[in-house]
Amino acid sequence: MGKPNREAIVSQLAELFETQGYTGAGMSDISRVTGLGRGSLYNLFPDGKTQMMREVLAAVETEFAAAVTAPLESGDLEGMFNGLKDFFDDGSKQSLWGRLTGDPAGETFKTEVQDHYNAWRGALTKALLSAGVERGTAASLSERTISGVEGTLVLAAGFDDAGALGRGLRTMSAEVTEALAAGSTKGAAAGAGSTKAKRKSSTAKKSAAN
């Protein structure tokens, strides 16, 4: 028998933890989905389930960053929504980070979960600010978007309705578009005010010179 493919095993573990949760997935479940006995599993993951989950989180975070965070870093807000839809497989996948927040053993992975949400919130807020959205609005909208995504994923699972994610994302995208339009309007108004002030100043200087 060849050496186990670690990447494939981590992918199998990710799917298991997403569907059954960290605490809900026992070693018998892990052996079943990976096809490996306990000895082989502990040979690959000496620290047991904790190490398995940490490797799963690292792998899934890399995938999430490529699908969701990367578009934001290039200013592509709509790309984030498309990336979310693809990453969560149109709503048929659950959020591993969301599941851990409600897991009895989730405290063990609190740092990884917080790092995930902080990175996402930071990238989204920065993209909104770069697009002209006011700072307070950008921060608030980022948090509402993240909580909205997590909430629709819970609904999708609870109602067995994967379409809930797509509907939720369309609503969130519309809210972002509205914020961008408001930011553009304020920016245009501020620019017009500045131009008017400059003209008044120039006129006043000419009058004083005369």
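One is the number of the first residue; the rest follow in order along the sequence.
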Could you walk me through whether W120 and M80 pass side chain to side chain contact (heavy atoms under 4.5 Å, CB included), step by step?
-> CA-CA 10 Å; W120 184 6; M80 177 196 71; 3.7 Å; yes
For residues [X] and [Y], report the shortest heavy-atom separation together with the two atoms involved.
X	Y	result
A138	L128	O-CD1, 3.6 Å
A25	Q20	CA-NE2, 3.9 Å
G24	D29	O-OD2, 3.7 Å
L41	L36	CD1-O, 3.8 Å
S142	T125	OG-OG1, 2.8 Å
A127	L77	CB-CD2, 3.9 Å

Calculate, to the nearest 0.5 Å, the distance between atoms [atom1] and [atom2] belonging to [X] and [Y] respectively.
X	Y	atom1	atom2	answer
R32	Q12	CZ	CD	11.0 Å
S11	E63	OG	CD	7.0 Å
L180	L141	CG	CG	8.5 Å
L96	F64	CG	CZ	11.5 Å
K49	I30	NZ	CD1	5.5 Å

Could you give me the CA-CA distance, side-chain angles and deciding distance for W97 and F109, then say whether ring-ring contact (aromatic ring centres under 6.0 Å, His included) is met?
-> CA-CA 9 Å; W97 305 278; F109 310 100; over 10 Å; no
So do the side chains of [X] and [Y] get within less than 4.5 Å of each other, counting heavy atoms only?
X	Y	value
E112	M53	no
M172	L169	yes
R121	L124	no
D47	Y42	no
L100	L57	yes
T145	E175	no
R54	T108	yes

With a cut-off of under 6.0 Å to the ring centre and 45° to the axis, is R6 in cation-pi contact with F45?
->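 R6 over F45 ring: yes.
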Any donor-acceptor pair under 3.5 Å linking the side chain of [X] with the backbone of [Y]?
X	Y	value
K126	E73	no
T152	G148	yes
D103	Y22	yes
N43	G39	no
N5	A8	yes

Are E18 and R99 ion-paired here, with the side-chain N under 4.0 Å from a carboxylate O?
->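 No, E18 and R99 are not salt-bridged.
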Are the charged groups of D86 and K93 less than 4.0 angstrom apart, N to O?
->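 Salt bridge flag = no for K93 with D86.
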Any side-chain donor near an acceptor of the partner, [X] and [Y], under 3.5 Å:
X	Y	answer
S147	E150	no
Q94	T19	no
S140	R144	yes
D89	S92	yes

Is there a chain of hydrophobic side chains (I, L, V, M, F, W, Y, each step under 4.5 Å between heavy atoms) that links [X] to [Y]?
X	Y	result
L84	L155	no
I146	L153	yes
L44	L13	yes
F88	V154	no
V113	F87	yes

[X] atom [atom1]: more than 12 heavy-atom contacts under 6.0 Å:
X	atom1	answer
D160	CG	no
E178	CD	no
E15	CD	no

